[in-house]
**Student:** 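Let me begin by handing over the structure; questions about it come next.
Proteins come first, then strands; the chains are lettered A, B, ... in the order of their sequence lines, and each starts at number 1. Please read these numbers as outputs of a predicted model, since none were measured by experiment.
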2 protein chains.
Amino acid sequence: MAERKLSSTNYRNQSFLEEKCSLNELLDLVSKRWVCDVLFSIEEGNKRFKSIKEDLTFISDTILADRLKLLERYGFIERAYFDEVPPRVEYTITEKGEELSSLLDNMCKFSETVHQYITEPVRL
Amino acid sequence: MAERKLSSTNYRNQSFLEEKCSLNELLDLVSKRWVCDVLFSIEEGNKRFKSIKEDLTFISDTILADRLKLLERYGFIERAYFDEVPPRVEYTITEKGEELSSLLDNMCKFSETVHQYITEPVRL
DNA sequence: ATAGTTACTCATAAATAAATTAGCTATGGC
DNA sequence: GCCATAGCTAATTTATTTATGAGTAACTAT
């Protein structure tokens, strides 16, 4: 995927916000498409690339691979590789991942109470 | 700002996820750049367009106007207009906004414990 | 010999989000 | 008559994210 342009205002603003508050960095991660859903899928017991992919219906290989890598990098999931043919890889959620998941659950409950109030589509 | 293309896979996937779980819709909102920061700024007592703008340093008029509109649409802030010259508008946080803010505070505390573990920059 | 398997990577194209620039409103002060 | 003011909007450009389509290893079953 494309490189970021370090000299852009876009980049400067993102960095500014992330430094101001680490919440912004966490939000940048969990708001990337499929990230939460991949985490939840693993939490529910889908360990393998293929079963996660099937669970999430429309996700592509490229994006799933990327999201798994991100979640691993942040320590929310762990990856175990078995040198077989065909290759086998198993993902599991970490303690930190469980913590994140429960915070997201809270937000989810809250979001359900919010959306009763929104009738018209919200678009920019 | 530009219209969305309703026939794109991108749009279908976003809709799919939002329908699957309303968390995704809430995350789409709060992860838009500056949204949380605007909310927090208002919570801290900045009522006017200009003072919020000054508080957030790099935000532009366009984006601030958009984010205020979004937050109002979701019922997290309220807008009061006073017909004076020059015009005066005051924003205040709602109860629902306070709730959201406290959920975000929890995430913020969590994110601080996470980031000690990340040493190298995370990039795709 | 060929097709199927899993968990990916790479290059590119399409879609979207964010930033920039300009302008608008009506009145009061100079 | 001209500029400043606050809180915006619209059109455009730039940057970034997401999706697509192809290809890889190395073995197994047909």
Side-chain angles (χ1 to χ4, degrees), chain A residues 1-17 24 27-35 37-38 46-54 56-70 72 79-91 122-124, chain B residues 1-17 24 27-35 37-38 46-54 56-70 72 79-91 122-124:
Chain A
M1 306 209 181
E3 295 276 303
R4 285 201 74 160
K5 198 171 169 184
L6 302 184
S7 64
S8 68
T9 306
N10 190 317
Y11 179 76
R12 181 207 62 197
N13 285 352
Q14 186 179 339
S15 306
F16 170 75
L17 291 175
N24 278 310
L27 284 178
D28 284 342
L29 172 70
V30 298
S31 68
K32 273 179 198 293
R33 194 165 296 165
W34 305 104
V35 164
D37 307 272
V38 170
N46 293 299
K47 290 179 176 316
R48 316 245 342 230
F49 192 94
K50 211 191 168 195
S51 69
I52 298 166
K53 186 170 150 73
E54 281 163 7
L56 298 180
T57 312
F58 290 123
I59 198 172
S60 70
D61 284 11
T62 317
I63 298 291
L64 178 52
D66 178 72
R67 299 321 191 229
L68 287 167
K69 206 174 280 186
L70 275 173
E72 194 200 351
R79 184 186 123 109
Y81 174 75
F82 302 88
D83 195 5
E84 305 168 359
V85 169
R88 183 160 63 97
V89 174
E90 288 190 357
Y91 293 95
V122 176
R123 183 120 313 129
L124 299 191
Chain B
M1 307 208 178
E3 294 277 304
R4 283 200 76 159
K5 197 170 170 187
L6 302 185
S7 65
S8 68
T9 307
N10 191 317
Y11 178 76
R12 182 208 61 197
N13 284 352
Q14 186 178 339
S15 306
F16 170 75
L17 291 176
N24 277 309
L27 284 178
D28 284 343
L29 172 69
V30 299
S31 68
K32 272 180 198 295
R33 194 166 296 165
W34 306 103
V35 164
D37 307 273
V38 170
N46 293 298
K47 290 179 177 315
R48 317 256 326 239
F49 192 94
K50 214 191 166 196
S51 69
I52 298 166
K53 187 169 148 74
E54 281 163 7
L56 298 180
T57 313
F58 291 123
I59 197 171
S60 70
D61 284 11
T62 317
I63 297 290
L64 178 52
D66 177 73
R67 299 319 191 231
L68 287 167
K69 204 175 282 185
L70 275 173
E72 193 199 351
R79 184 186 123 110
Y81 174 76
F82 302 90
D83 195 5
E84 305 169 357
V85 169
R88 182 160 65 97
V89 173
E90 289 190 358
Y91 293 97
V122 176
R123 183 121 311 130
L124 300 191

**Student:** Mind listing the closest non-hydrogen atom pair of B/Val35 and B/Val30 along with its distance?
**Tutor:**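 Scanning both residues, the minimum pair turns out to be CG1-CA, 3.9 Å.
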**Student:** Rounding to 10°, can you tell me the angle the first-five-pair axis of the helix from C/dA1-D/dT30 to C/dC30-D/dG1 makes with its last-five-pair axis?
**Tutor:**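 The end-segment axes of the helix from C/dA1-D/dT30 to C/dC30-D/dG1 are tilted 30° relative to each other.
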**Student:** Say whether, by atom type as modelled, one donor and one acceptor occur between the side chain of A/Arg67 and the main chain of A/Arg33 under 3.5 angstrom.
**Tutor:**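 Here the side-chain-to-backbone pair exists.
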**Student:** Rounded to whole Å, how long is the line connecting atom CG of B/Asp83 with atom C1' of C/dA26?
**Tutor:**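 Rounded to the whole Å, the gap is 10 Å.
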**Student:** From CG of B/Asp28 over to C1' of C/dT16, roughly how many Å is that when rounded to an integer?
**Tutor:**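 Spelled out: CG on B/Asp28 to C1' on C/dT16 is 12 Å.
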**Student:** Would you say B/Thr62 and B/Asp66 make side-chain contact, with heavy atoms under 4.5 Å?
**Tutor:**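 Side-chain contact under 4.5 Å: no.
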**Student:** From NZ of A/Lys53 over to P of C/dT9, roughly how many Å is that when rounded to an integer?
**Tutor:**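 A/Lys53 atom NZ is separated from C/dT9 atom P by 14 Å.
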**Student:** How far apart are the closest heavy atoms of B/Trp34 and B/Ile63, and which atoms are they?
**Tutor:**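 Closest approach of B/Trp34 to B/Ile63: CD1-CG2, 3.6 Å.
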**Student:** Can you tell me the distance, in whole Å, between the CG atom of A/Leu64 and the P atom of D/dT20?
**Tutor:**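 Distance check: A/Leu64 CG to D/dT20 P gives 14 Å.
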**Student:** Which pair of heavy atoms, one from B/Lys5 and one from B/Tyr11, lies closest together, and at what distance?
**Tutor:**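 Between these two residues, the closest heavy atoms are O-CB, 3.5 Å.
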**Student:** Please state whether the phosphate of C/dA19, meaning OP1 or OP2, lies under 4.0 angstrom from any side-chain nitrogen or oxygen of A/Arg12.
**Tutor:**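 It does not, given that no N or O in the side chain of A/Arg12 lies less than 4.0 Å from OP1 or OP2 of C/dA19.
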**Student:** For a side chain to side chain contact (heavy atoms under 4.5 Å, CB included) check, start with the C-alpha distance between B/Val38 and B/Ile59, then their side-chain angles and the critical distance, and finish with the verdict.
**Tutor:** CA-CA 10 Å; B/Val38 170; B/Ile59 197 171; 4.2 Å; yes
**Student:** Is there a side-chain contact between A/Thr9 and A/Arg12 in this structure, where contact means two heavy atoms from C-beta onward sitting under 4.5 Å apart?
**Tutor:**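 Side-chain contact under 4.5 Å: yes.
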**Student:** Just the rounded figure in Å: distance from P of C/dA14 to CD1 of A/Ile63.
**Tutor:**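 The answer, rounded to whole Å, is 16 Å.
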**Student:** Should B/Asn46 and B/Tyr91 count as side-chain neighbours, where that means a heavy-atom distance under 4.5 Å?
**Tutor:**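 The answer is no, as the side chains (C-beta and beyond) never meet within the 4.5 Å cut-off.
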**Student:** Give me the atom names and distance for the closest heavy-atom approach of B/Phe49 to B/Leu64.
**Tutor:**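 Scanning both residues completely, I find the closest heavy atoms to be O-CD2, 3.5 Å.
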**Student:** Nearest whole Å is fine: how far is C/dA7 C1' from A/Phe82 CZ?
**Tutor:**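 Value for this atom pair: 14 Å.
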**Student:** Could you encode protein contacts along nucleotides 2-10 of chain D as a string, one character per nucleotide from 5' to 3', using B for base contact, S for sugar-phosphate-only contact and - for no contact, with a heavy-atom cut-off of under 4.0 Å?
**Tutor:** ---BBSBBB
**Student:** Could you report the tightest heavy-atom contact between A/Leu56 and B/Phe16, atom names first, then the distance?
**Tutor:**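 In terms of heavy atoms, the two residues are closest at O-CE2, 3.7 Å.
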**Student:** At under 4.0 Å, does any side-chain N or O of B/Trp34 touch on OP1 or OP2 of C/dA17?
**Tutor:**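 For C/dA17, neither OP1 nor OP2 has a side-chain N or O of B/Trp34 closer than 4.0 Å.
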**Student:** Between protein and nucleotides 13-16 of chain D, what N or O pairs are separated by less than 3.5 Å?
**Tutor:**
residue	atom	partner	partner atom	Å
D/dA15	OP1	A/Lys5	NZ	2.7
D/dA15	OP2	A/Lys5	NZ	3.1
D/dA15	O3'	A/Ser8	OG	3.2
D/dT16	OP1	A/Arg4	NE	3.3
D/dT16	OP1	A/Arg4	NH2	3.3
D/dT16	OP1	A/Ser8	OG	3.0
D/dT16	OP2	A/Lys5	N	2.7

**Student:** Give the rounded distance in Å between these two atoms: NZ of A/Lys32 and P of C/dA17.
**Tutor:**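 It works out to 13 Å between those atoms.
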**Student:** Between A/Pro87 and A/Tyr81, what is the shortest heavy-atom contact and its length?
**Tutor:**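 It is CB-CE1, 4.3 Å.
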**Student:** Tell me: OH of A/Tyr81 to C1' of C/dT6, nearest whole Å?
**Tutor:**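 Between C1' of C/dT6 and OH of A/Tyr81: 10 Å.
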